[in-house]
Every structure is written in structure tokens, then in C-alpha cells.
Peer 1: 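Have a look at the structure that comes next, please.
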Amino acid sequence: MTDQPSIVRVRDILAAEEPGSCVQVQGWVRTRRTSKAGLTFVEVNDGSSLANLQVVAEQALPNYEAISKLGTGASVEVRGEIVSSPAAGQAMELRAADIRVVGDSPDDYPLQKKRHSFEYLRTIAHLRARTNTFGAVARVRNEVSRCIHEYFQTRGYLYVHSPIITAIDAEGAGEMFQVTALDLENPPRRDGHVDYGRDLFEDRAYLAVSGQLEAEIMATAVGGVYTFAPTFRAENSNTFRHLSEFWMIEPEIAWCDLDRLQDIAEDFIKCIFASVLDRCPEDMRFFNDRIDSTAIETLESIVGSRFVRISYTEAVEILEKAVEANFQFPVSWGMDLQSEHERYLTEQTFRKPVIVTNYPRENKAFYMRVNDDGKTVAAMDVLVPRIGEIIGGSQREERYDRLREQMAARGMDPEAYWWYLDLRRYGTVPHAGFGLGLERTVQFITGMANIRDVIPFPRAPGLLSF
RNA sequence: UCCGGCGUAGCUCAGUCGGUAGAGCGGGCGGCUGUUAACCGCUUGGUCGCAGGUUCGAGUCCUGCCGCCGGAGCCA
């Protein structure tokens with residue numbers, strides 16, 4: 001036994017420590033059970049794992065009185081010896097030689113030793129991170145993020161930073177938040193309109209809805225890049241899978257066509273799922289037990305199988321034959337696939353992820369490459385059960401004239417995209433990319449029903465606390 | 001934004017045909033226990049979302065508003 005035991009995380013104690021070692025633990029009290037026989041059990045959690053460490057305090061401790069009354073949520077520093085636990089429930093426990101109550105927690109601590117609704121927990125987002133579920137979500141989200149960087153870094157992609165503030169109203173993909181330094185109570189005016197020429201950027205500015213166009217700039221210089229950044233949508237969407245501020249990963253790859261893009265997207269997703277299964281087994285077991293009883297099985301089966309790949313046209317043919325589905329929106333070639341159609345494909349027809357490609361040109365963005373049939377573009381959506389679209393991507397239109405046509409057909413001003421067009425004038429190259437929604441990925445993996453519960457501080461219409 | 005549902009104790013909910021409000025958990029007190037969602041007893045706790053209306057009487061019925069949840073659209 002040394003005088004200064006090293007600070008050890010609960011996760012490491014439960015995984016590796018041997019009886020006899022002396023450690024110091026720092027964490028928060030999850031629950032306390034006091035026995036009148038002069039023994040108090042304190043469950044300490046430090047966020048490193050789902051499981052708590054059982055700390056055993058004996059009456060001989062000088063501050064035993066305070067320890068026996070410790071409230072849920074209190075912060076403590078415990079020094080002691082790891083011993084084998086004589087009782088069921090845990091292999092190891094910490095026999096306390098010293099417990100320092102760093103911050104007590106009064107009896108109005110909002111988190112009780114029972115199940116709370118996620119809805120209620122959202123109203124105390126500053127404390128919900130201390131619950132089992134949100135701790136587990138935080139660790140899985142971290143692993144997904146870590147794995148994404150590893151995936152691209154080990155394959156030679158550059159992590160690039162696209163701007164958050166942008167002038168481009170990117171193809172009307174959802175409403176944008178405007179950014180201004182003007183006094184909104186009294187903006188400068190000219191000819192009856194707000195004079196944005198006198199704003200800080202001397203032009204209208206927005207929060208980015210995508211980093212893709214800038215990523216294309218970088219990809220056509222260095223080959224393969226990816227962004228990993230917050231994205232902003234001002235759309236008044238109030239659903240279980242939309243946020244006003246969310247994180248998106250957008251790889252962009254030069255010399256890449258749609259076939260290879262599909263290979264990358266599939267490999268990428270499987271890699272993330274496999275990594276979470278491998279490195280967060282305890283948390284995944286929790287989600288499987290408490291949130292979605294098929295969580296682990298779903299991930300394992302996806303990792304071990306091939307994604308289905310069908311064209312939009314084939315998808316429409318399948319859906320048109322599915323009379324028993326009794327769709328609210330009838331299916332015909334040329335229409336957008338509705339949620340019910342996507343779910344039919346992923347949950348009924350194939351029961352696994354489906355990549356749908358080559359959508360009608362009119363339904364998709366101007367930058368997608370026009371196919372030889374002239375009617376479709378080289379787009380792909382990766383659809384998964386329950387969530388729907390988790391990835392949206394395409395091969396980009398690299399031919400200058402075709403891109404001009406696409407823009408003209410949508411009434412877009414080429415002047416505003418002069419630099420984007422320049423990429424096609426000088427050394428153009430086939431390239432492709434996609435966007436992966438981080439929150440939707442975490443949602444799919446964990447089985448969490450609402451996207452607001454897989455991001456620590458959700459922003460959605462009417463939701464800006466914390 | 002549209003459609004539907006729900007707002008009752010700190011939390012999760014019940015409340016029948018309209019007759020002045022209940023349980024479990026939590027908190028407090030006591031008992032018991034190498035305990036572990038501990039257990040047992042007692043106890044505490046409410047402007048029934050807000051504002052109107054109908055009625056002898058409204059948690060309950062009606063209208064408006066606010067909030068939340070679910071579905072749809074938009075998308076990742």
C-alpha cells in the first residue's frame with residue numbers, strides 16, 4: 001500500500017484491477033444503502049462505464065455519519081483497497097479507507113433511483129448526462145466519432161474544415177438561418193429593402209446547410225477529403241429525426257464514380273457498427289436490454305451481410321406491386337419516395353439497409369451527375385430500417401456544360417456559383433461524395449427513439465435551453 | 001407548417017355516468033438488513049397547463065391560447 005494511490009477510473013477497476021491494489025476513485029453517488037449494523041454501501045459512477053463501483057464504508061470512518069446520509073448525485077473522492085466482494089452483484093468492490101465528500105447533493109436532486117421519461121430528462125439536460133442511458137449514448141457517440149476519423153485517416157483522406165458561415169444558398173436544400181451583424185430593430189435600408197451591403201460581410205450571410213461544395217474544392221486538389229462539422233437547418237421540422245443543429249460527415253472523393261461511392265458508403269457504415277460492437281459491448285448490452293431488444297442482432301447482421309443495391313426505377317417497380325401495403329401515397333415513376341415507401345423497402349422487402357440509386361433528375365439537386373438516359377442522375381440514398389435515409393450522396397456533375405444546364409433548369413444564377421463552375425473549367429475530374437448524419441447513425445445504433453436524445457444539447461424549433 | 005393525442009403531487013401515472021383528488025416512486029421519521037431498483041411501518045406532498053364558458057355543481061363537457069408527445073412534409 002502506498003501513501004498516494006493512483007487515481008483509477010471505475011471502468012479500469014472493474015476490468016482489470018486485482019484484489020489488494022490501493023486506488024483512488026473520483027465520481028458521483030448513484031445510490032446509497034445504509035445498514036444500521038454500521039455499514040454503508042455507496043455506488044459510485046464516474047462516467048467511464050455503465051457499471052458502478054460499490055464502495056463499502058465502515059462505521060470506523062471519522063465522517064461515517066455524513067457518509068451514511070450521502071445524497072444521490074453527491075461527488076466523492078474515495079481512497080481504499082480493492083477487495084473481492086463477498087456478496088452477489090459484483091466481483092470487486094472498494095473498501096474505503098477514506099471518503100471525501102467533495103460536493104453534497106440535497107434531497108431535491110431531480111434524478112431519482114427510478115426510470116424517468118426521456119421527455120422529462122430533456123428538461124434537465126444539464127443533469128441527464130449522469131443517467132445510465134445518456135452516459136451510454138455519450139460513450140457510443142464518442143466511439144462513432146472516433147471511428148469515423150480513424151476510418152478516413154487510415155485511408156489517406158484529409159480532414160478539412162468547411163466554413164460555417166457561407167454566402168451560398170445551396171440549392172434551396174431546406175431553410176437557412178441568416179447571420180447578420182445588423183441591428184434588426186433598425187437595419188439600414190436602400191430602395192425599401194434591407195441594405196445587406198452595409199452588413200459585416202457586405203452581403204447576405206447564412207449558416208451552412210452543407211460543407212459539400214467547399215469539400216469539392218479540396219477534393220479536386222488533394223484527392224480524398226472529409227468534413228465533420230455542425231450543420232444548420234432552419235426548417236420548422238418537428239420530428240423524431242430532425243434537428244436544427246446537427247453533425248454531418250461529408251467525404252468527397254476525386255476520381256470516384258457512383259459504384260465506388262456505394263462501396264465506400266457500405267464499408268464505412270459497417271466499419272462504424274463493427275467498431276461500436278467491439279468497443280462498447282457493455283453499453284450495447286444496455287441498449288439491447290432496455291431500449292431496443294434487437295439492437296445488437298441488427299448491427300451484427302448488417303456487419304455480416306451485403307447491402308441491397310437497387311435503382312430508383314427498380315424500387316418503384318417493387319412498390320407498385322406491393323398492393324397489400326396500402327400506401328397513403330400511390331407510387332409512380334417520377335415521384336419522391338415517401339417515408340412509408342422507404343420503410344417498406346427496408347423493413348418489409350429486404351429487412352436490411354438498401355442503397356437506392358439513379359433518381360429522377362427533377363427530384364434531385366443541381367450538382368448531381370446526369371446519367372446517359374438524360375432522365376436520371378447518379379444519386380444514391382442509403383436507407384436503413386426505422387430511420388430512413390442515413391446517407392445521401394451522388395456522383396457530381398463534372399461536365400461544365402451539363403452543370404450549366406442543370407442550373408439553368410432550376411433558375412439558378414451562375415454568377416453566384418462562379419467558383420463552383422470554375423472547378424469544371426480547370427482540370428475537371430469525375431468525383432463523388434456523400435453526407436452521413438451523425439445523430440441518425442447514433443440513433444440507429446442505440447435504438448433511441450428520438451434524435452433529441454442522442455445529442456447532449458439538442459436544438460430544434462422552440463428548443464434552445466442549455 | 002398540417003393532422004392526431006396528451007397536460008392531475010418533485011417524478012411515473014390512475015381518476016368510472018359531471019358530485020370538492022388517489023397510488024407507486026421520491027422526500028422526512030422509525031424499524032430491519034453484506035446491502036445492491038433493498039425491504040417493512042408511519043408521514044409529507046396538489047391554483048388538476050392558462051383564460052373564458054355551460055351547469056346547482058367541472059380534473060371530467062365546450063371554446064380559445066400555451067406547452068409537450070406521436071404521425072406527415074422537408075431532409076441527414
Side-chain angles (χ1 to χ4, degrees), chain A residues 30-44 51-58 68-69 71-73 83-90 93 95 105-124 132 170-176 209-212 229-250 265 290 327-329 336-340 342-343 363-365 381-384 387-393 434-444 449-455 460-463:
Chain A
R30 277 296 172 80
T31 174
R32 185 213 79 227
R33 296 176 294 274
T34 294
S35 159
K36 280 294 185 313
L39 210 54
T40 291
F41 300 91
V42 184
E43 298 269 348
V44 176
N52 305 319
L53 178 66
Q54 173 162 291
V55 172
V56 184
E58 287 162 7
S68 71
K69 296 203 159 102
T72 307
V83 297
S84 303
S85 180
Q90 60 284 314
E93 62 188 26
R95 185 195 291 156
S105 181
D107 56 31
D108 59 354
Y109 184 61
L111 292 173
Q112 300 174 6
K113 290 185 282 188
K114 61 173 243 180
R115 207 162 186 162
H116 288 289
S117 67
F118 291 134
E119 183 183 341
Y120 169 66
L121 291 173
R122 274 174 226 148
T123 68
I124 50 168
N132 287 337
E171 30 106 22
E175 298 291 312
M176 302 181 84
V209 295
S210 162
Q212 178 202 316
T231 315
F232 307 90
R233 302 278 166 90
E235 190 75 20
N236 191 6
S237 295
N238 218 299
T239 84
F240 71 97
R241 57 192 193 135
H242 286 88
L243 289 167
S244 304
E245 177 182 299
F246 63 98
W247 287 70
M248 192 156 62
I249 295 90
E250 298 183 284
R290 303 295 289 269
F327 294 125
Q328 188 189 338
F329 297 88
D336 278 323
L337 297 184
Q338 306 294 322
S339 292
E340 58 177 349
E342 296 180 351
R343 294 187 68 150
N363 302 357
K364 289 288 184 180
D381 284 352
V382 180
L383 310 177
V384 296
I387 308 283
E389 184 180 348
I390 199 171
I391 278 181
F434 62 79
L436 172 81
L438 178 66
E439 285 75 16
R440 286 190 183 174
T441 305
V442 176
Q443 221 184 329
F444 182 80
N450 196 304
I451 198 167
R452 296 168 187 197
D453 299 325
V454 296
I455 184 168
L463 192 61

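Just so we're on the same page: letters track the sequence lines, and every chain starts at 1. None of these values were measured; they are calculated from a predicted model.
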Peer 1: In Watson-Crick or G-U wobble terms, both distances under 3.5 Å, what is the partner of B:G34?
Peer 2: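 None - no nucleotide pairs with B:G34, as no candidate has both distances under 3.5 Å.
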Peer 1: Determine the minimum heavy-atom distance between A:Arg32 and A:Lys69, stating which atoms define it.
Peer 2: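 Heavy-atom minimum between the residues: NH1-C, 3.3 Å.
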Peer 1: Of all the choices, B:U35, B:G10, B:A72, which nucleotide is nearest to the side chain of A:Ala87 once you look at every atom?
Peer 2: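 Nucleotide nearest to A:Ala87's side chain: B:U35.
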Peer 1: Is it the case that B:U35 (base atoms only) and A:Gln54 (side chain only) share a donor and an acceptor within less than 3.5 Å, ignoring hydrogens and angles?
Peer 2: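 Indeed there is one.
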Peer 1: I'd like the C1' distance from B:G18 over to B:U54, given in whole Å.
Peer 2: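 About 12 Å, rounded to a whole number of Å.
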Peer 1: If you compare every side-chain N and O of A:Arg452 against the phosphate oxygens of B:C69 (OP1, OP2), does one of them come in below 4.0 Å?
Peer 2: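 Answer yes for this pair, as a side-chain N or O of A:Arg452 is under 4.0 Å from OP1 or OP2.
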Peer 1: Please determine, for the side chain of A:Asp107, which listed nucleotide (B:C69, B:G27, B:G34) has the closest atom?
Peer 2: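 Shortest atom-to-atom distance from the side chain points to B:G27.
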Peer 1: Does a side-chain N or O from A:Gln112 land closer than 4.0 Å to OP1 or OP2 of B:G10, or not?
Peer 2: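 Checking A:Gln112 against B:G10: no side-chain N or O falls below 4.0 Å of OP1 or OP2.
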Peer 1: Do A:Arg33 and B:C39 have a side chain to base donor-acceptor pair shorter than 3.5 Å?
Peer 2: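 For A:Arg33, whose side chain was compared with the base of B:C39, there is no donor-acceptor pair (under 3.5 Å).
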Peer 1: Does the structure show a Watson-Crick or G-U wobble partner for B:G67, both distances under 3.5 Å? Name it, or say none.
Peer 2: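 B:G67 is paired, partner B:C6.
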Peer 1: Quantified in whole Å, what is the C1' atom distance between nucleotide B:C32 and nucleotide B:C69?
Peer 2: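 Their C1' atoms lie roughly 43 Å apart.
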Peer 1: Looking at every strand, decide which applies to A:Thr441 at a 4.0 Å heavy-atom threshold: base, sugar-phosphate, or nothing.
Peer 2: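 No contact at all - A:Thr441 keeps every heavy atom at 4.0 Å or more from the nucleic acid.
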Peer 1: Are B:G34 and A:Phe41 stacked, with the base six-membered ring and the side-chain ring centres under 5.5 Å apart and planes under 30°?
Peer 2: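 One would not call A:Phe41 stacked on the B:G34 base.
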Peer 1: Counting any heavy atom closer than 4.0 Å, what does A:Thr231 reach on the DNA or RNA strands: base, sugar-phosphate only, or nothing?
Peer 2: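 Contact class for A:Thr231: none.
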Peer 1: Expressed as a whole number of Å, how far does the C1' atom of B:U43 sit from that of B:C48?
Peer 2: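 It comes out at 23 Å once rounded to the nearest Å.
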Peer 1: Between B:U33, B:U35, B:G73, which nucleotide has the shortest distance from any of its atoms to the side chain of A:Ser35?
Peer 2: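 Selected nucleotide (nearest to the side chain): B:U33.
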Peer 1: Record whether the side chain of A:His242 comes under 3.5 Å of the base of B:C75 through a donor-acceptor pair of N or O atoms.
Peer 2: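 It does, because a donor-acceptor pair links the side chain of A:His242 to the base of B:C75 below 3.5 Å.
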Peer 1: Look at all strands and tell whether A:Gln90 reaches a base, only sugar-phosphate, or nothing, counting heavy atoms closer than 4.0 Å.
Peer 2: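 The residue A:Gln90 makes base contact.
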Peer 1: So what does A:Glu43 hit on the nucleic acid, given a heavy-atom distance under 4.0 Å: a base, only sugar-phosphate, or nothing?
Peer 2: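 The answer is base, as A:Glu43 lies within the cut-off (heavy atoms under 4.0 Å) of a base atom.
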Peer 1: Checking base pairs now: Watson-Crick or wobble, both atom distances under 3.5 Å. What partners B:G41?
Peer 2: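 Answer to the pairing question: B:C29, which forms a Watson-Crick or G-U pair with B:G41.
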Peer 1: Using a heavy-atom cut-off of 4.0 Å across all strands, would you classify A:Tyr120 as base, sugar-phosphate, or nothing?
Peer 2: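 Here A:Tyr120 touches the backbone only, sparing every base.
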Peer 1: With distance as the sole criterion, do the side chain of A:Glu93 and the base of B:G34 form a donor-acceptor contact below 3.5 Å?
Peer 2: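 Present.
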Peer 1: How close do A:Gln90 and A:Ser85 get, counting heavy atoms only, and between which atoms?
Peer 2: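 Heavy atoms of A:Gln90 and A:Ser85 come nearest at NE2-OG, 2.9 Å.
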Peer 1: Could you report the tightest heavy-atom contact between A:Ile455 and A:Glu245, atom names first, then the distance?
Peer 2: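 Scanning both residues, the minimum pair turns out to be CD1-O, 3.9 Å.
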Peer 1: Using a heavy-atom cut-off of 4.0 Å across all strands, would you classify A:Arg122 as base, sugar-phosphate, or nothing?
Peer 2: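 Touches sugar-phosphate only.
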Peer 1: Quiz question: going by heavy-atom distance under 3.5 Å, is there a donor-acceptor pair between the base of B:C75 and the side chain of A:Ser237?
Peer 2: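 Between B:C75 and A:Ser237, which were checked side chain against base, a qualifying N/O pair under 3.5 Å is absent.
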Peer 1: Give A:Thr40 one of three labels, base, sugar-phosphate or nothing, depending on what nucleic acid heavy atoms sit under 4.0 Å from its own.
Peer 2: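 Nothing, no heavy atom under 4.0 Å.
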Peer 1: Who does B:U1 pair with, Watson-Crick or G-U, both distances under 3.5 Å?
Peer 2: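 Looking at the geometry, B:U1 pairs with B:A72.
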Peer 1: Which part of the nucleic acid does A:Asn238 contact within heavy-atom distance under 4.0 Å: base, sugar-phosphate only, or nothing?
Peer 2: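 Base: the residue A:Asn238, judged by heavy atoms under 4.0 Å, touches a nucleobase.
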